[in-house]
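A quick note: this is a predicted structure, and the numbers were derived from the prediction, not measured. Numbers here simply count residues along the sequence, with the first being 1.
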Amino acid sequence: MSAIAGWVDFERDLSPQAATVETMAAALAHRGPDGRGVWAEGHAALAHRRLALLDLTETGAQPAVHTTEGGAAVAVLTLDGALTNHTELRARLAAKGHRFTGRGDGETALHAYLEWGADFLTRLEGLFAIAVWDVRRQELLLARDRLGVKPLSYHPTPTGVLFGSEPKAILAHPDVDAVVDADGLRELFAHSRKPGTGVFRGMREVVPGHALIVRRPGSREQRYWSLPAREHTDSLDTTVATVRGLLADAVASHTRADAPVGAMLSGGIDSSALSALAHRDLTAAGSGPLRTFSVNFTGYTENFEPHPTMRSTPDAPFAALASRHIGSRHTEFLLDTAALTDPGVHTAALRSQDAPSPLGDMDVSLLRFFARLREEGFAAVLSGETADEVFNGYFWAYDPKHSNSQTFPWVSFERGHDAAAGGLGTSMIDRELRKRLDFLGYADQHYRDALTEVPHVDGDTAAERRAREVTYLALTRWAPTHLDRADRMSMAHGVQLRPPFCDRALVEYVYNVPAAMKRVDGVEKSLLRSAVADLLPDEVLHRRKSAYPTTQEAAYGDFVRQRFAELAADRDAAVAELLDTTATAEAVAADGSPQGAFAWVERAGMEMALQLDTWLTDYRVDLRL
């Protein structure tokens with residue numbers, strides 16, 4: 001639910017600083033359009049922007065405050081997200097004597113903290129970023145869910161800390177400047193995020209599955225969850241049945257809300273399975289049919305050009321087929337070239353992420369998708385995010401050329417293409433700068449560091465150990481980038497994206513399933529397909545993975561190239577000093593614009609340069625390399 005922001009200073013009374021924290025939270029108003037709240041007392045000030053999905057009355061407002069009978073504050077909590085075990089947890093707490101004034105999960109989380117202290121995090125399920133100020137202990141706790149579905153940034157100060165759901169909240173504080181140094185630029189271009197790092201100097205992210213405890217003597221990180229390595233002894237039939245049960249439970253828990261919950265439906269196995277299970281639940285409860293939604297481009301289906309590894313088929317026919325079979329009420333949002341070439345929406349996409357992106361039309365289409373979804377009256381939607389990480393759906397997870405490389409498998413794939421050799425979007429960046437900052441070495445060292453974290457089971461073969469490593473890397477280094485993007489794009493229009501495939505019980509179980517069971521007879525995600533075989537038509541059930549769509553229109557390529565040519569001609573452009581003169585000249589002089597199945601990669605360098613220029617200007621970035 002919403003957005004959180006706050007400030008703790010052990011040397012100041014922040015009671016008069018409520019307006020400052022409200023300003024920080026106002027930078028996050030898009031995440032919570034349904035209400036706002038602030039609490040400031042002593043050394044702490046916490047603010048909240050509300051997206052009303054549970055307990056739509058005032059009793060669900062935050063920050064949630066627990067007081068003594070005399071009215072003195074004991075602890076204050078602000079929450080972004082959704083506790084999917086909210087009902088069960090509240091019943092357990094009530095049995096222990098806790099009394100509630102409303103039905104919101106923020107209040108439930110606060111009482112869980114009062115009952116179990118910092119250990120309460122192990123009892124929470126779902127997607128969440130949490131801040132708790134314990135008045136008695138004069139201690140702040142910041143925490144994120146296990147896979148990092150919900151973002152949470154913080155900025156240590158000499159006497160405390162600033163925090164917010166997005167960096168823009170921290171940048172709204174008068175004492176913080178948008179400084180980016182060499183490490184920040186390396187992280188910006190890395191396609192494998194280091195847990196805990198940030199792009200802006202002095203700013204970090206709470207690591208998924210961790211809590212940050214801030215006290216007067218200092219702060220410390222505390223891990224409350226990690227992927228467990230266990231021997232898998234279930235038969236294939238038992239494994240299939242268990243996955244079905246866990247997935248069904250996850251979907252049921254993610255559809256809980258006091259407001260409508262829809263589903264993204266691309267016609268792929270992931271979104272179709274979720275939609276089918278959700279529709280069954282809603283229909284059984286008498287609140288169906290499920291509303292499903294997809295995005296498409298004018299002329300895309302008719303003129304589709306397949307790509308051997310990324311996109312084998314267009315979504316629209318399969319989404320329609322899946323919807324008819326499931327019985328959902330389906331809506332397709334159709335975007336034309338004009339919708340994709342609005343510079344204002346490109347800027348909005350940048351601001352939603354607080355950083356430039358090379359994904360261009362993919363970002364714009366996703367942003368417009370969520371805008372339309374909100375217009376349809378939906379503030380929560382199911383998504384198939386992370387299914388490929390859990391079930392090894394990416395081709396690089398089992399292609400030995402990439403899965404056995406000496407770097408991240410997806411980075412190995414990127415380096416096979418000139419346009420993305422140093423990371424997607426780097427092709428227009430000055431080669432000497434890239435060499436000096438060592439983008440390649442940065443990614444490779446991160447890979448080696450990540451390998452040291454992987455839990456193993458004694459007795460695993462070399463192949464089994466490697467398969468476990470690849471899955472771990474995908475879940476902890478690849479997924480966070482995409483989860484963050486999905487959260488930022490959806491919450492830019494006040495829509496909470498809910499990914500049942502991130503459910504803890506499901507992730508832990510499937511993580512320990514041998515790779516051979518996940519890919520029987522070489523069929524990608526055969527385990528998931530078997531688990532939902534009775535729910536879907538054969539055409540959808542056996543459809544090959546197709547990545548999120550990107551336009552193949554030459555007109556869009558013309559738009560990008562024209563804008564880039566104008567930027568390249570502007571010697572006073574903020575990004576000018578970062579551009580490679582040779583690569584820029586070649587791009588401007590090229591015959592024709594990128595189009596077709598792989599055009600998005602060819603456009604990425606130009607898209608990134610354009611966004612970099614806007615970012616450097618709009619955020620007043622102080623680049624210190």
Asks: Let me confirm one number: the CD-OG1 distance from E389 to T471, rounded to the nearest 0.5 Å.
Replies: 10.0 Å

Asks: Are the side chains of R146 and Y224 in contact, using a 4.5 Å heavy-atom criterion?
Replies: yes

Asks: Please check if any side-chain donor atom of D449 sits under 3.5 Å from a side-chain acceptor atom of Q445, or the reverse.
Replies: yes

Asks: Within the distance-only criterion (no hydrogens, no angle test), does the side chain of D145 pair as donor or acceptor with the backbone N or O of G126 below 3.5 angstrom?
Replies: no

Asks: For L382 and A278, work out which heavy atoms get closest and say how close.
Replies: CD1-CB, 3.7 Å

Asks: Any chance the side chains of Y447 and Q406 put a donor and an acceptor closer than 3.5 Å?
Replies: no

Asks: Which one of R103, R92, R90 satisfies the side chain to side chain donor-acceptor pair (under 3.5 Å) criterion with T108?
Replies: R90

Asks: Do NZ/NE/NH1/NH2 and the carboxylate oxygens of R311 and D315 come within less than 4.0 Å?
Replies: no

Asks: Is there a side-chain contact between K525 and D388, using heavy atoms and a 4.5 Å cut-off?
Replies: yes

Asks: Rounded to the nearest 0.5 Å, how far does CG of L141 lie from CG of L121?
Replies: 5.5 Å

Asks: So, using side chain to side chain donor-acceptor pair (under 3.5 Å) as the criterion, who are the partners of S253 when residues are at least two apart?
Replies: none

Asks: Give me the ring orientation class for F304 and Y300: parallel if the planes are under 30° apart, tilted from 30 to 60°, perpendicular past 60°.
Replies: perpendicular

Asks: Any side-chain heavy atom of L93 within less than 4.5 Å of one from W116?
Replies: yes

Asks: Do D361 side-chain atoms and L340 backbone N/O form a donor-acceptor pair below 3.5 Å?
Replies: no

Asks: Between Y509 and T242, does the side-chain contact (heavy atoms from CB on, under 4.5 Å) criterion hold? Intermediate values first, please.
Replies: CA-CA 9 Å; Y509 183 80; T242 302; 3.5 Å; yes

Asks: Any donor-acceptor pair under 3.5 Å linking the side chain of R291 with the backbone of G262?
Replies: no

Asks: Minimum heavy-atom separation for T386 and F501, please, with both atom names.
Replies: C-CB, 4.2 Å

Asks: Roughly how far, to the nearest 0.5 Å, is the CD atom of E385 from the OH atom of Y548?
Replies: 10.5 Å

Asks: Please check: side-chain N/O of S530 versus main-chain N/O of S526, any donor-acceptor pairing under 3.5 Å?
Replies: yes

Asks: Looking only at atom types and distance, does a side-chain atom of R144 sit under 3.5 Å from a main-chain N or O of V206, one as donor and one as acceptor?
Replies: yes

Asks: Out of curiosity, D487 CG to S383 OG, how far, rounded to the nearest 0.5 Å?
Replies: 11.0 Å

Asks: So, does S275 use its side chain to make a donor-acceptor pair with the main chain of S272 at under 3.5 Å?
Replies: no

Asks: Are L367 and D363 packed together at the side-chain level, in the sense that at least one heavy-atom pair is separated by less than 4.5 angstrom?
Replies: no

Asks: Under 3.5 Å, which donor-acceptor pairs do the side chains of residues 456-463 form with other protein atoms, sequence neighbours left out?
Replies:
{"residue": "T461", "atom": "OG1", "partner": "E464", "partner atom": "N", "Å": "3.1"}
{"residue": "T461", "atom": "OG1", "partner": "E464", "partner atom": "OE1", "Å": "3.4"}

Asks: Indicate yes or no: does E166 engage R31 in a salt bridge with an N to O separation below 4.0 Å.
Replies: yes

Asks: Of all the heavy-atom pairs spanning R504 and E125, show the shortest one and how long it is.
Replies: NE-OE2, 2.8 Å

Asks: Taking F408's backbone N and O only, do any of them form a donor-acceptor pair with S412's side chain (distance below 3.5 Å, no angle check)?
Replies: no

Asks: Hey, which of V520, V390, T239, N392 is the one that makes side-chain contact (heavy atoms from CB on, under 4.5 Å) with L527?
Replies: T239

Asks: Run H330 and S294 through side-chain contact (heavy atoms from CB on, under 4.5 Å) and show every step you take.
Replies: CA-CA 8 Å; H330 188 67; S294 64; 3.0 Å; yes

Asks: So which heavy atom on S2 is nearest to which on D80, and how close?
Replies: O-OD1, 2.6 Å

Asks: Considering only heavy atoms from C-beta outward, does the side chain of K194 approach that of E205 to under 4.5 Å?
Replies: no

Asks: Would you say the side chain of K518 lies within less than 4.5 Å of the side chain of Y398, judging by non-hydrogen atoms?
Replies: no

Asks: Drop me the distance from S328's OG to L265's CG, to the nearest 0.5 angstrom.
Replies: 6.0 Å

Asks: Can you tell if the side chain of F395 reaches within under 4.5 Å of the side chain of E524, non-hydrogen atoms only?
Replies: no

Asks: Output the distance between atom CD (E539) and atom CZ (R543), rounded to the nearest 0.5 Å.
Replies: 12.0 Å

Asks: Side-chain contact test, heavy atoms from C-beta onward, threshold under 4.5 Å: evaluate it for F100 versus L110 and give yes or no.
Replies: no

Asks: Quick one: closest heavy-atom pair of G148 and P208, and the distance?
Replies: N-CB, 3.5 Å

Asks: Could you go through R256 and T84, starting from their C-alpha distance and side-chain angles, then the distance that decides it, and tell me whether this counts as side-chain contact (heavy atoms from CB on, under 4.5 Å)?
Replies: CA-CA 7 Å; R256 291 177 177 176; T84 54; 5.9 Å; no

Asks: Could you please spell out the steps behind the ring-ring contact (aromatic ring centres under 6.0 Å, His included) verdict for F293 and F378?
Replies: CA-CA 11 Å; F293 303 89; F378 284 82; 5.2 Å; yes

Asks: Is a side-chain N or O of N85 found less than 3.5 angstrom from the main chain of R123, in a donor-acceptor match?
Replies: yes

Asks: Say whether, by atom type as modelled, one donor and one acceptor occur between the side chain of R374 and the main chain of G494 under 3.5 angstrom.
Replies: yes

Asks: What is the minimum heavy-atom distance between L89 and A112, and which atoms define it?
Replies: CD2-CB, 4.3 Å

Asks: Classify the ring geometry between W410 and W396 as parallel (under 30°), tilted (30 to 60°) or perpendicular (over 60°).
Replies: tilted

Asks: Decide side-chain contact (heavy atoms from CB on, under 4.5 Å) for H254 and L277; before the verdict, give the C-alpha distance in whole Å, the side-chain angles of both, and the deciding distance to 0.1 Å.
Replies: CA-CA 11 Å; H254 280 70; L277 290 167; over 6 Å; no

Asks: Donor-acceptor check, side chain of D521 to backbone of V523, threshold 3.5 angstrom: yes or no?
Replies: no

